Peer 1: 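Dropping the structure in here first, questions after.
What you see below is based on every heavy atom in this structure, not just the backbone, and it leaves out hydrogens, waters and symmetry mates. Keep in mind that what you see is a predicted model, and the values were worked out from it rather than measured. Along the sequence shown, residues carry numbers from 1.
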Amino acid sequence: MTAAHWWPAGRVAAAIAGGELSAAEYLDLLLDRVARLDPGLELLVTVDDTARDRARAADRAVARGEPLGPLHGVALTVKDSLATAGLRTTAGSALRRDHVPAADARAVTALRRAGAIVFGKTNLPEHCADIQARSVYGVSRNPWDPAYSTGGSSGGGAGAVAAGLTPVEVGSDVAGSIRIPAGYCGVAGHKPTYGIVPLDGHLPPYHPTTPDVVVVGPLARTVDDLELMLGVLSGPGGRDGSPWRLDLPPARPVRRIALWTGDPAVPTDPEIVAVLHDVAERLGKEGVTVEEDAPPGVRLADASRIADRLLAGVGVPLRGDHDRAALGGAHAGQSYADWYDADVARWRLAARWERFFARYDAILTPVTPNLAIVHDGRPFAERRVLVGGAERPYWDQVAWATLTGVCHLPTTVVPAALDSRGLPIGVAFSGPRFGDLTTLAAARLVPPIGHPPC
């Protein structure tokens with residue numbers, strides 16, 4: 001029988017509810033793995049000493065026959081940008097080393113209501129502002145090969161899921177921060193349609209606003225767990241009150257998928273292109289029609305320029321001395337008129353995507369144009385990535401993520417193969433706004449690749 005630390009969260013919850021496994025036993029299993037493996041991987045930054053008390057309370061609730069939530073007794077982690085009442089929340093910054101929130105983020109509240117036990121917080125870059133999980137608390141290392149990055153900003157969480165330290169993780173994403181780590185670490189990740197999962201209690205921002213593009217979403221080892229987590233997390237936020245209710249459309253029957261493997265402005269590594277074609281072939285054998293196509297008038301270069309201007313409004317307020325080589329930094333001094341022009345251009349792109357998805361159920365693309373990267377602590381302006389052996393700009397990594405993200409589209413990432421170095425290659429399924437269940441259904445057609453050797 002597969003060791004319980006590799007079980008999906010849904011199976012763990014069923015085992016606890018049925019008396020096959022206690023919540024305390026499961027927590028101890030994960031804590032033992034954290035103690036043995038995390039010193040070499042640096043994926044977690046905080047462990048909650050009170051988690052065992054809550055696990056024992058969960059077991060008592062089972063014994064009393066109380067109604068149980070869908071995650072009852074399941075120990076899990078969340079990104080250290082999500083506020084946890086009574087437990088340190090740093091957003092990767094030394095300035096917040098001693099910050100202990102008085103209240104949970106809305107997403108954490110949803111987890112607790114579902115019966116989950118949040119036992120740890122995972123590593124991320126300072127203010128979520130990098131594609132690597134490098135912070136004052138450590139450099140997160142990829143469980144498939146510690147010489148390589150987990151990606152970021154939700155890199156500690158993706159690595160923890162991959163290493164069997166947690167069954168699922170709640171991360172966040174503005175320019176690929178769930179999707180890129182999922183691809184690099186060989187796990188599944190879902191960037192929800194913007195607005196369907198509350199952002200309340202996520203740091204940054206450090207003021208009561210809801211920044212454009214930013215979403216909270218799950219990482220897991222199975223697509224079923226992504227869907228379970230999305231059901232737990234989604235709903236109205238605190239500032240929205242409760243007048244509205246979320247009723248996502250059911251998944252479309254996945255019959256027609258577009259395939260877009262590359263763009264002249266952002267070349268894609270040949271290994272990734274080969275995997276995308278292999279996935280397309282496998283989908284064809286499942287009865288899905290796959291056609292190489294892209295939305296007319298949508299190009300990566302144009303989307304990237306729009307994204308840079310929009311993301312400046314997300315990242316620049318974090319600090320006055322913003323690094324202009326950082327994502328969006330070149331537009332730190334833009335006017336409102338400049339931002340408005342980018343916003344109008346964004347919604348023109350969104351209209352083209354809407355027409356495109358009237359023909360296709362989803363689109364299959366790279367997660368990144370490059371394979372998983374080695375650790376790189378140089379200033380942003382000096383960093384490069386390799387694509388087919390040639391150097392490319394560091395921020396090319398986010399090109400595919402911002403293409404759909406700025407238009408608020410959902411994307412599900414799943415691992416599809418191992419590259420020539422033995423590291424995972426993920427693929428991305430994006431769909432129409434509020435088509436989250438359809439992108440999950442498409443991703444479910446890709447068979448799993450297994451676990452890292454840890």
Side-chain angles (χ1 to χ4, degrees), residues 1-18 20-38 41 43-44 47-48 51-52 54-55 58-59 62 68-79 82 84 107-108 110-123 143 150 154-171 178 181-182 185-190 216-233 412-415 424 440 443-444 448-452 454:
M1 184 174 67
T2 305
H5 61 266
W6 292 126
W7 290 359
R11 181 179 176 186
V12 173
I16 291 171
E20 178 186 356
L21 177 71
S22 75
E25 289 170 339
Y26 183 66
L27 173 63
D28 283 343
L29 177 66
L30 297 186
L31 289 174
D32 177 68
R33 286 185 68 79
V34 169
R36 289 188 292 107
L37 299 178
D38 198 54
L41 297 173
L43 303 170
L44 274 69
V47 173
D48 187 354
R52 281 193 174 92
R54 286 181 283 120
D59 288 330
V62 173
L68 306 179
L71 292 171
H72 185 85
V74 179
L76 51 77
T77 59
V78 300
K79 187 177 181 179
L82 288 162
T84 41
V108 176
L111 292 174
R112 298 198 201 278
R113 285 177 178 166
I117 298 167
V118 178
F119 80 92
K121 309 292 292 290
T122 54
N123 197 26
T150 58
S154 305
V161 172
L165 308 185
T166 180
V168 290
E169 159 84 2
V170 180
I178 287 172
C185 292
V187 299
H190 184 70
V216 168
L219 292 136
R221 288 188 292 272
T222 69
V223 176
D224 286 349
D225 269 359
L226 290 182
E227 188 166 335
L228 169 64
M229 291 289 287
L230 184 65
V232 167
L233 295 170
T412 306
V413 169
V414 284
L440 289 163
R444 197 176 275 113
I449 65 168
H451 311 302
C454 61

Peer 1: Please enumerate all residues that pass salt bridge (Lys or Arg N to Asp or Glu O under 4.0 Å) together with Arg113, with sequence neighbours excluded.
Peer 2: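 If we apply the salt bridge (Lys or Arg N to Asp or Glu O under 4.0 Å) test to Arg113, skipping adjacent residues, there are no hits.
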Peer 1: Taking C-beta and beyond as the side chain, do Leu44 and Lys121 meet within less than 4.5 Å on heavy atoms?
Peer 2: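 Answer no - side chains too far apart.
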Peer 1: Could you walk me through whether His190 and Ile178 pass the side chain to side chain contact (heavy atoms under 4.5 Å, CB included) check?
Peer 2: CA-CA 7 Å; His190 184 70; Ile178 287 172; 5.9 Å; no
Peer 1: When rounded to the nearest 0.5 angstrom, what is the spacing between OG1 in Thr412 and CG in Leu440?
Peer 2: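 CG of Leu440 is found 4.0 Å from OG1 of Thr412.
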Peer 1: Decide, yes or no, whether a salt bridge links Asp225 with Arg221 under the criterion of side-chain N to carboxylate O below 4.0 Å.
Peer 2: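 Judged by the 4.0 Å cut-off on N to carboxylate O distance, Asp225 and Arg221 do not form a salt bridge.
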Peer 1: Taking all atoms of both residues into account, what is the closest heavy-atom pair of Leu219 and Ala182, and its distance?
Peer 2: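 Residues Leu219 and Ala182, closest heavy atoms: CD2-CB, 3.8 Å.
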Peer 1: Asp48: what forms a salt bridge (Lys or Arg N to Asp or Glu O under 4.0 Å) with it, not counting sequence neighbours?
Peer 2: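 Testing Asp48 for salt bridge (Lys or Arg N to Asp or Glu O under 4.0 Å), a comparison that skips the adjacent residues, returns Arg54.
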Peer 1: Where is the tightest heavy-atom contact between Ala15 and Trp7, given as atom of each residue plus distance?
Peer 2: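 Taking every non-hydrogen atom into account, CB-CZ3, 3.7 Å.
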Peer 1: Could you check if a side-chain atom of Leu111 sits within less than 4.5 angstrom of a side-chain atom of Leu233, using non-hydrogen atoms only?
Peer 2: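 With C-beta onward as the side chain, the pair touches.
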Peer 1: Only one of Val161, Val170, Val168 forms a side-chain contact (heavy atoms from CB on, under 4.5 Å) with Leu76, so which one is it?
Peer 2: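 Between Leu76 and the candidates, side-chain contact (heavy atoms from CB on, under 4.5 Å) is satisfied uniquely by Val168.
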Peer 1: Do Val414 and Arg444 come close enough that some side-chain heavy atom pair is under 4.5 Å?
Peer 2: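 Not touching, per the 4.5 Å side-chain cut-off.
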Peer 1: Stepwise, does the side chain to side chain contact (heavy atoms under 4.5 Å, CB included) test hold for Asp28 with Arg52?
Peer 2: CA-CA 8 Å; Asp28 283 343; Arg52 281 193 174 92; 2.9 Å; yes
Peer 1: Please report the interatomic distance CD1(Ile117) to CG(Leu30), rounded to the nearest 0.5 Å.
Peer 2: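 Answer for the CD1-CG pair, Ile117 versus Leu30, is 10.0 Å.
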Peer 1: Donor-acceptor pair, His72 side chain versus Ala58 backbone, under 3.5 Å?
Peer 2: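 Between the backbone of Ala58 and the side chain of His72 there is a qualifying donor-acceptor contact (under 3.5 Å).
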Peer 1: Using the salt bridge (Lys or Arg N to Asp or Glu O under 4.0 Å) criterion, which residues pair with Arg33? Sequence neighbours excluded.
Peer 2: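 If we apply the salt bridge (Lys or Arg N to Asp or Glu O under 4.0 Å) test to Arg33, skipping adjacent residues, there are no hits.
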Peer 1: Does Arg112 form a side chain to side chain contact (heavy atoms under 4.5 Å, CB included) with Thr84? I'd like the steps, not just the answer.
Peer 2: CA-CA 11 Å; Arg112 298 198 201 278; Thr84 41; 4.3 Å; yes
Peer 1: Give me the atom names and distance for the closest heavy-atom approach of Pro8 to Thr222.
Peer 2: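 Of all heavy-atom pairs spanning Pro8 and Thr222, the closest is CG-CG2, 4.0 Å.
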Peer 1: Grab the two heavy atoms, one from Val187 and one from Ala220, that are nearest each other, plus how far apart they are.
Peer 2: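 Taking Val187 first and Ala220 second, the nearest heavy atoms are CB-O, 3.4 Å.
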Peer 1: Any heavy-atom pair between the side chains of Cys185 and Thr150 that's under 4.5 Å?
Peer 2: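 Yes, side chains in contact.
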Peer 1: For the pair Thr122 and Glu169, evaluate side-chain hydrogen bond (donor to acceptor under 3.5 Å, both in side chains) and give the outcome as yes or no after the intermediate values.
Peer 2: CA-CA 9 Å; Thr122 54; Glu169 159 84 2; 2.6 Å; yes
Peer 1: Quick one: pull up CD in Glu25 and CG in Asp59 and give me the separation to the nearest 0.5 Å.
Peer 2: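 Glu25 CD to Asp59 CG: 7.5 Å, rounded to 0.5 Å.
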Peer 1: Sub-3.5 Å donor-acceptor pair from the side chain of Thr166 to the main-chain atoms of Thr77, do we have one?
Peer 2: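 Yes, the answer is positive, given that a donor and an acceptor are paired below the 3.5 Å cut-off.
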Peer 1: Going by heavy atoms in the side chains, are Glu227 and Val223 under 4.5 Å from each other?
Peer 2: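 Counting from C-beta outward, Glu227 and Val223 never come under 4.5 Å.
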Peer 1: Looking at Pro143 and Pro452, what are the two nearest heavy atoms and their distance?
Peer 2: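 In terms of heavy atoms, the two residues are closest at O-CB, 3.8 Å.
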Peer 1: Please report the interatomic distance CG(Asp32) to CG(Leu27), rounded to the nearest 0.5 Å.
Peer 2: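 The CG atom of Asp32 sits 11.0 Å away from the CG atom of Leu27.
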Peer 1: Looking at Pro70 and Leu228, what are the two nearest heavy atoms and their distance?
Peer 2: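 Minimum heavy-atom separation between Pro70 and Leu228: CB-CD1, 3.9 Å.
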Peer 1: Check step by step if side chain to side chain contact (heavy atoms under 4.5 Å, CB included) holds for Leu71 and Val12.
Peer 2: CA-CA 8 Å; Leu71 292 171; Val12 173; over 6 Å; no
Peer 1: Distance from Ser154 atom OG to Leu82 atom CG, nearest 0.5 Å?
Peer 2: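 If I round to the nearest 0.5 Å, the distance is 8.5 Å.
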